[in-house]
Amino acid sequence: MSPDADSRCVRDGTERRLSGRWIVLLSLTWLLLAIPVAFAEEQNALPKQPSMEELAARPFLDDFHGNVLLGYRIVTQTERYAARYTGNRLRCTNCHLDAGTRADAIPLTIAGMYPKWRSKNGRRNGIGLRIRECFVYSQNGIMPPENAPEVLAVAAYIHSLSYGQTIGRAPEGRGVPTLPSTGFDPNPAKGRSVYQEQCAACHGENGDGTEAAPPLWGPYSYNRGAGMNRIDKAAGFIWANMPPGGERSLSHQEVLDVAAFLKIQYRPTDPRESAFAQLVETLVRLFVPAPDAVSLVE
Amino acid sequence: MRFHWLNRGTLLREMVPDFRWLNRDLVWRHELFSGVIGAVLVIPQAITFAYLAGLPPEYGIYSAIYVTLFACLLGRSSIIGGPNTAVAILIGETVIRFAGRGSPLYIDAVLILSFEVGVIQLLIWLLRGGRLFQYFSPTVILGITTAVGAQIIFSSLEGLTGAVALDAPFFFQTFQTLANDWGHLVNAHAFAIGMITVICGWWFRIRGASYFLLAALVIGSLASAIIHFVTPQVITEVDLIGRLPFSPLPFSRPTWEWDTLMMAYEMLPAATTIAIIGLAQTMVIAKEINLSGRDRVDFHKETFAQGVANLLSAYFSGFAGSGSFNRTASNHDLKGRTPLPGIVSSVVVLVLAWNLGDLLAHIPMAVMAGVLFIVGLSMIKPAKIRSLWLIPREFILFLATFLTIIFLGLSSGVIMAAVLSLVPFLLGAARLDAKRVRMGPVVSLELYGNLFFASVDSLSERLHAVADRHLILNLRHVSFLDHGAAEFILQEQRRRDNASLKMVVFTHLSDHQSILETLDTNNELHVVSSLPEAREAMVGLS
């Protein structure tokens with residue numbers, strides 16, 4: 001209402017009563033108009049996607065939905081449904097929490113962001129390459145071919161998760177949060193005590209995992225080429241998601257320290273490193289004395 | 001028609017496993033050794049045939065275990081069954097229309113198809129069709145194997161060059177794509193590994209080693225191990241088989257739903273072709289064994305065993321198979337004479353696949369493609385083709401089969417081949433010769449050939465020439481008489497009766513007599529079973 005109309009109401013009582021009636025009338029017409037509009041909106045809204053339970057209960061699935069369900073199973077039970085290319089005890093859902101649906105936990109609702117250009121091979125690569133890379137590094141497995149049924153199934157699942165997203169716009173909470181600089185270097189020694197206080201109960205004293213949580217290092221965890229092996233990514237992930245139930249309770253410095261601690265632990269080598277080069281290196285080491293102190297922190 | 005062959009005792013005897021071969025003086029050492037070698041031979045084939053069928057490798061292994069096991073337990077011969085090239089190609093060709101390779105729906109469709117193939121083969125068994133396959137002419141079979149060999153070579157190109165999604169509907173498109181864009185498509189590492197495999201394998205084959213496929217596999221894998229020792233797989237991007245998610249009892253079940261039933265219905269023609277092609281191969285092997293006098297193979301029992309094995313493959317995560325030429329040959333070379341080597345081989349495959357999973361995981365697909373290439377190449381037999389070249393009619397048959405398969409696919413090609421095999425036979429069968437003997441007013445017409453719908457026309461011509469005579473129709477040399485021809489004879493009798501001419505049909509075959517009798521409801525025909533009787537009937541005619 002304009003201020004002008006307002007003053008008029010105060011001046012003249014009849015007009016006020018009239019305007020009261022007007023209000024009732026107006027709101028009625030608004031209702032009459034709004035209901036169909038609301039319905040129309042309802043109809044314009046995207047139809048609901050079937051949930052995975054619904055899909056699993058269906059007796060027959062067409063090719064796409066069969067693949068979506070298989071993709072979901074691969075993400076949640078990687079060792080069972082993608083055993084061919086998996087090399088450790090992790091599942092996709094251990095890092096892509098809630099089967100890839102949780103924000104700030106590297107959600108998989110990102111089909112609209114691909115294909116994208118990569119400097120690595122100078123080409124535009126589809127979602128397939130990204131999935132294959134997680135098999136090689138995060139799952140410490142074998143690089144699947146582009147057209148492996150497992151890769152295609154996960155791609156179908158990612159597409160169905162991304163339903164309703166805007167193509168080319170990053171979804172809310174893509175990847176992991178980027179932590180602001182704390183001004184201090186990450187300190188693995190401090191990280192050790194954080195680990196023992198906060199994490200060891202679930203992930204085990206030796207980081208080899210327990211019933212309650214997957215391994216964080218050792219032969220059955222992700223390898224040195226994995227994204228989780230980068231201190232910034234790991235810190236962002238841990239800060240936003242760990243420990244479950246107490247998310248975001250650790251300080252930025254604490255998660256940086258614990259991430260640095262995880263980084264210096266033993267884990268499988270980066271599969272990009274040639275075994276031949278490593279052998280040569282070891283041979284050289286045998287004859288050439290190593291330099292004295294090696295700093296653990298980058 | 002009498003179903004004298006549908007004797008319940010016979011059927012039961014064919015259905016029940018028969019272990020009497022255990023009592024034979026079998027040399028255990030030979031049988032067991034042959035089984036172990038068979039297992040080692042079948043593993044690379046199982047994996048590559050699974051690839052041809054568009055399935056993950058473990059499905060090939062499961063077929064090599066369970067299809068072989070059931071076929072050998074129920075059969076009684078030294079034929080080794082299991083995954084087979086032509087059948088695998090046919091399965092891939094059929095199922096790819098419904099879903100993407102290796103997707104859940106695809107696998108379901110393969111299970112349904114294998115089930116159907118089993119059922120159809122059991123029907124063929126019930127209808128005693130096992131013998132039918134003896135009529136596939138050797139020329140046509142040569143055409144099929146040559147074309148399958150060529151197809152295998154084309155389908156190995158993708159793995160051999162490490163290119164992805166090279167599959168094209170026509171083989172020359174594959175070549176075209178490769179030629180146009182080889183710089184982008186060919187993975188040099190994969191290609192090197194593949195070529196090493198092919199060359200070494202072929203070298204062993206020329207030397208006459210029966211384990212040449214195994215040698216190719218081992219050498220190719222070693223080459224890959226060396227290459228990947230220097231350059232990691234992540235960088236070479238050479239496809240590896242990967243760990244086999246192996247389970248010793250891989251139960252599965254085809255989904256029976258409205259939609260899958262529709263699929264099953266659409267796949268029926270293909271399933272029939274596959275059933276026939278599978279049985280035809282088993283029967284060709286059986287025929288060879290019978291000719292060699294090594295053993296007597298019971299066609300029907302083997303048909304039943306094959307059908308059951310294929311039907312059950314759908315419940316053990318396998319796909320349909322058939323008798324295998326090369327593994328049966330190796331079995332015979334190693335003096336295996338009973339079903340025991342097959343049973344041993346399936347057990348050994350189970351143990352090996354269970355324990356060697358990690359070793360198998362690092363075998364590149366390029367090596368598998370190399371093995372496939374060699375398999376394909378050795379199916380093409382230039383010497384045999386050259387010998388056909390001298391007989392133009394056979395060569396045309398061969399060429400027609402070959403080209404149909406190459407251009408229209410295996411299933412159409414096989415139907416074409418079946419028709420082509422029968423054409424010369426039918427033309428020959430429809431020929432009717434006649435000897436005419438005049439005995440005063442009576443003519444005796446002695447027929448040579450078969451009397452059936454195709455030769456009735458020629459018969460009517462002969463009868464027309466003696467239309468105004470009394471007639472003795474001598475069917476002594478007619479081996480086959482069908483309903484249509486019998487009816488024609490009845491009409492002729494009526495015509496002559498109306499013209500007051502006498503006609504006697506002479507045949508001593510009870511089959512002919514019963515056909516004529518059942519047709520002749522009003523007792524119009526005059527059928528006799530000896531020549532004197534016929535002459536007697538003609539006495540006193542002028």
K.L.:
Please identify, among B/Glu257, B/Met365, B/His228, B/His362, the residue contributing the most non-hydrogen atom pairs under 4.5 Å to chain A.
P.N.:
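Ranked by contacts with chain A, first place is B/Glu257.
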K.L.:
Could you look at A/Glu79 and say if it's the side chain, the backbone, both or neither that has a heavy atom under 4.5 Å from chain B?
P.N.:
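A/Glu79 has no heavy atom closer than 4.5 Å to chain B.
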K.L.:
Could you measure the distance from the OG atom of B/Ser247 to the CZ atom of A/Arg80? Nearest 0.5 Å is fine.
P.N.:
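Answer rounded to 0.5 Å: 10.0 Å.
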K.L.:
Work out which heavy atom in B/Leu105 is nearest to a heavy atom in A/Asp63; give both atom names and the distance.
P.N.:
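Taking every non-hydrogen atom into account, CD2-N, 3.7 Å.
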K.L.:
For the side chain of A/Arg84 and the backbone of B/Pro245, is there at least one donor-acceptor N/O pair under 3.5 Å apart?
P.N.:
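Flag not set: sc A/Arg84 to bb B/Pro245 has no pair under 3.5 Å.
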K.L.:
Taking atom CD1 as the centre, does A/Ile167 end up with more than 12 heavy-atom neighbours from other residues, nucleotides or ligands that are less than 6.0 angstrom away?
P.N.:
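No, not enclosed.
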K.L.:
Taking all atoms of both residues into account, what is the closest heavy-atom pair of A/Arg272 and B/Val234, and its distance?
P.N.:
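Answer, listing the atom of A/Arg272 first, then B/Val234: CG-CG1, 4.2 Å.
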K.L.:
Do the side chains of B/Pro232 and A/Pro271 get nearer than 4.5 Å, heavy atoms only?
P.N.:
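Not touching, per the 4.5 Å side-chain cut-off.
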K.L.:
CZ of B/Arg253: more than 12 outside heavy atoms within 6.0 angstrom?
P.N.:
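Not more than 12 within 6.0 Å, no.
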K.L.:
Using a 4.5 angstrom heavy-atom cutoff, name the option from A/Asp62, A/Asn67, A/Leu69, A/Val280 with the most pairs to chain B.
P.N.:
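Among the listed options, the one with the most contacts to chain B is A/Asn67.
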K.L.:
Listed by residue number, which members of residues 88-96 of chain A have a heavy atom under 4.5 Å from any heavy atom of chain B?
P.N.:
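Hits under 4.5 Å: none found.
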K.L.:
What part of A/Leu61 lies closer than 4.5 angstrom to a heavy atom of chain B: side chain, backbone, both or neither?
P.N.:
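For A/Leu61, the contact with chain B is made by the backbone alone.
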K.L.:
Supply the atom-to-atom distance B/Thr236 OG1 to A/Met143 CE, rounded to the nearest 0.5 angstrom.
P.N.:
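Spacing of OG1 (B/Thr236) from CE (A/Met143) equals 9.0 Å.
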K.L.:
At their closest point, which heavy atom of B/Arg243 faces which heavy atom of A/Tyr85, and how far apart are they?
P.N.:
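Minimum heavy-atom contact is NH1-C, 4.4 Å.
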K.L.:
In Å and rounded to the nearest 0.5 Å, what is the CZ to CD distance from A/Arg132 to B/Glu237?
P.N.:
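Taking CZ in A/Arg132 and CD in B/Glu237, the distance rounds to 5.0 Å.
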K.L.:
Does atom CH2 of B/Trp354 have more than 12 heavy-atom neighbours from other groups under 6.0 Å away?
P.N.:
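Counting other residues, nucleotides and ligands, CH2 of B/Trp354 stays at 12 neighbours or fewer.
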K.L.:
Please classify the contact of A/Leu279 with chain B as side chain, backbone, both or neither, using a heavy-atom distance under 4.5 Å.
P.N.:
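Just the side chain, heavy atoms under 4.5 Å.
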K.L.:
Checking B/Gln233 side chain against A/Ile142 main chain: does a donor-acceptor pair fall under 3.5 Å?
P.N.:
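Such a contact is absent between B/Gln233 side chain and A/Ile142 backbone.
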K.L.:
Mark yes when over 12 heavy atoms from residues, nucleotides or ligands other than B/Tyr315 sit less than 6.0 Å from its OH; otherwise mark no.
P.N.:
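Yes, OH of B/Tyr315 has more than 12 neighbouring heavy atoms, counting only those of other groups under 6.0 Å.
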K.L.:
Given that the side chain runs from C-beta out, which part of B/Thr255 has a heavy atom under 4.5 Å from chain A: side chain, backbone, both or neither?
P.N.:
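Contact with chain A is through the side chain of B/Thr255 alone.
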K.L.:
Counting only heavy atoms not in A/Tyr220, do more than 12 fall under 6.0 Å of its OH?
P.N.:
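Count not over threshold, so no.
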K.L.:
So, taking the atom named CZ in A/Phe276 and the one named CD1 in B/Ile227, what distance separates them when rounded to the nearest 0.5 Å?
P.N.:
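Here the interatomic distance stands at 13.5 Å.
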